[in-house]
Amino acid sequence: MSQHKTSAWPLAGTYAALIVYASLYPFTGWRDQEIAPWEFLFAGWPKYWTGFDVAANVVGYVPLGFLLALSFMRRGNVRRFADHPNLGGIGIAVLAGTLLSLLMEGIQNYLPSRVASNVDFGLNVGGTLIGAIAATGLELGGAIDRWSRFRDRWFIAESRGALVLLALWPFALLFPAAVPLGLGQVLERLEGALAEWLQDTPFLEWLPMREIELQPLVPAAELLCVALGAFIPCLLGYTVLRSLGRRAVFAFVAIALGASVTALSAALSWGPTHAWAWLSLPVRLGLLFGLLLALLMLPVPRRGCAAVLLLALVVHLSVLNQAPASAYFADTLAAWEQGRFIRFNGLAQWIGWLWPFATLVYVLLRVSRREAAPTIPP
């Protein structure tokens, strides 16, 4: 058993939040149909269903079952529920997934845009079971122990928070941004939301008003944003990686992954032919500049990397929020063939907005603590 705290717990919590968001989106139009929330359990077979709906309901709960079962098995708490920890992990994961799905389907009775379904409920439970069995199979096959040994070799003991943030980073990039790799672009949306909330109140006049609308970034500013967007996850990894060589490998992998996920996002949103349309000259130079910065920071101690990461985050957010949000993408997403899936894309957008600020808080907490060995082992 690894001495690390497992990252599966916070990831399971994050994924459960994704399910709640996806199940209850758009959170408007609540009404009481005067039927019991559990009435859907006794309804007949739905008249309309598609293969996409079946796959989405099964696949959507597989990661939840996987992460929950893994969490219980790695922590060992499951022994109080069953003689065999692996079987206990499956049982508790399926029970948790069943309760969550039952709750979501019941609440959907009060949303006009959603339809509670016993078929969806059964598919969700099946997906949770598949995920839990997969986690158990990997555990019994030794794959989880191999990951633990890999983590021990590559990362310091207190690396859980950084690993969770790094795991969420590619998902945050799935929602196309005005500037590639530009996460945390919230200023314009916050201004609009505040103006809407304060409409018809005297406090509306308190808001600062710009004389001109936000303008697209000039190429040099775009280059800087892309470079910092690639540089920031590298620095976050540096704060928990053990050696210089592993940092170098991580930097190349992280930037390649960021570019690949951005291409996937563009392909899903505008079509496969536009997968690399975002790769303009400033963006290409920004990726290279970000990689160069990451290589220059290889020998810097972890606390020094954390300090530079704080600076990079502040500069990145300051420059990025001078750019307007993309109105074109909103129109494209509304007409998307798989518009039913917009709630998942919407959650990716929320993670993209919040990821830099969560990283900022995490790093501030890290640098406020004393570390016994701030230097990098050879």
Side-chain angles (χ1 to χ4, degrees), residues 5-30 37 56-72 74-75 77 89 92-111 113-114 116 120-121 123-132 134-135 160-175 177 183-186 189-190 193 233 236 261 265 268 333 338 340-362 365:
K5 295 180 179 179
T6 176
S7 300
W9 271 117
L11 287 174
T14 301
Y15 196 81
L18 182 155
I19 290 176
V20 172
Y21 184 95
S23 300
L24 304 182
Y25 182 89
F27 301 93
T28 58
W30 299 89
N57 280 287
V58 173
V59 174
Y61 272 70
V62 168
L64 180 67
F66 183 92
L67 292 169
L68 286 174
L70 184 61
S71 299
F72 282 106
R74 301 314 290 171
R75 292 173 68 93
N77 294 341
I92 294 175
V94 172
L95 176 61
T98 299
L99 293 176
L100 178 61
S101 178
L102 184 64
L103 179 62
M104 293 299 99
E105 295 294 332
I107 295 177
Q108 285 179 0
N109 279 308
Y110 300 95
L111 284 169
S113 60
R114 309 307 304 274
D120 290 352
F121 171 67
L123 293 171
N124 296 159
V125 175
T128 306
L129 177 61
I130 292 172
R160 180 173 63 166
L163 291 178
V164 170
L165 287 168
L166 289 170
L168 291 174
W169 180 65
F171 185 77
L173 294 175
L174 282 176
F175 192 93
L183 302 179
Q185 190 179 17
V186 298
R189 294 175 178 87
L190 282 176
L236 181 59
V261 174
S265 172
L268 291 174
L333 188 61
Q338 296 296 351
R340 277 83 66 197
F341 216 56
I342 187 175
R343 48 190 178 273
F344 289 102
N345 217 346
L347 185 68
Q349 185 180 38
W350 274 97
I351 295 179
W353 289 341
L354 299 177
W355 189 89
F357 301 100
T359 303
L360 192 64
V361 172
Y362 168 78
L365 293 176

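Values below: every heavy atom of this structure, side chains too, minus hydrogens, waters and symmetry copies. Because the structure is a prediction, the values reported are computed rather than measured.
With contacts defined as side-chain heavy-atom distances shorter than 4.5 Å, the pair Leu236/Tyr362 qualifies. Taking the side chain as every heavy atom from C-beta outward, Ile107 and Leu103 approach each other to under 4.5 Å. At a threshold of 4.5 Å between non-hydrogen side-chain atoms, the residues Leu173 and Trp169 count as touching.
Rounding to the nearest 0.5 Å places CG of Leu168 at 9.0 Å from CH2 of Trp355. Taken to the nearest 0.5 Å, the CG atom of Leu360 stands 10.0 Å off from the CG atom of Leu365. Expressed to the nearest 0.5 Å, how far CG of Asp120 lies from OG of Ser101 amounts to 8.0 Å. With rounding to the nearest 0.5 angstrom, the CD1 atom of Ile19 is 4.5 Å from the CG atom of Leu64.
Residues meeting the side chain to side chain contact (heavy atoms under 4.5 Å, CB included) test with Val59, sequence neighbours left out: none. Partners of Leu95 under the side chain to side chain contact (heavy atoms under 4.5 Å, CB included) rule, at least two apart in sequence or in another chain, are Leu99. Under the side chain to side chain donor-acceptor pair (under 3.5 Å) criterion, Thr359 pairs with no residue at all, not counting sequence neighbours.
In this structure, the side chain of Tyr15 engages the main chain of Gly60 through a donor-acceptor pair within 3.5 Å. Counting only distance, with no hydrogens or angles, the side chain of Ser265 and the backbone of Leu174 share a donor-acceptor pair below 3.5 Å.
Taking all atoms of both residues into account, the shortest heavy-atom contact from Gly65 to Ala93 is O-CB, 3.8 Å. Nearest heavy-atom pair, Ala358 versus Leu165, reported as atom, atom and distance to 0.1 Å: CB-CD2, 4.0 Å. Counting all heavy atoms, side chain and backbone alike, Val20 lies closest to Met104 at CA-SD, 3.8 Å. Minimum interatomic distance between Gly352 and Leu183 (heavy atoms only, all atoms of both residues): O-CB, 3.3 Å. Counting all heavy atoms, side chain and backbone alike, Val94 lies closest to Thr128 at CA-CG2, 3.8 Å. Taking all atoms of both residues into account, the shortest heavy-atom contact from Thr98 to Phe121 is O-CE1, 3.5 Å.
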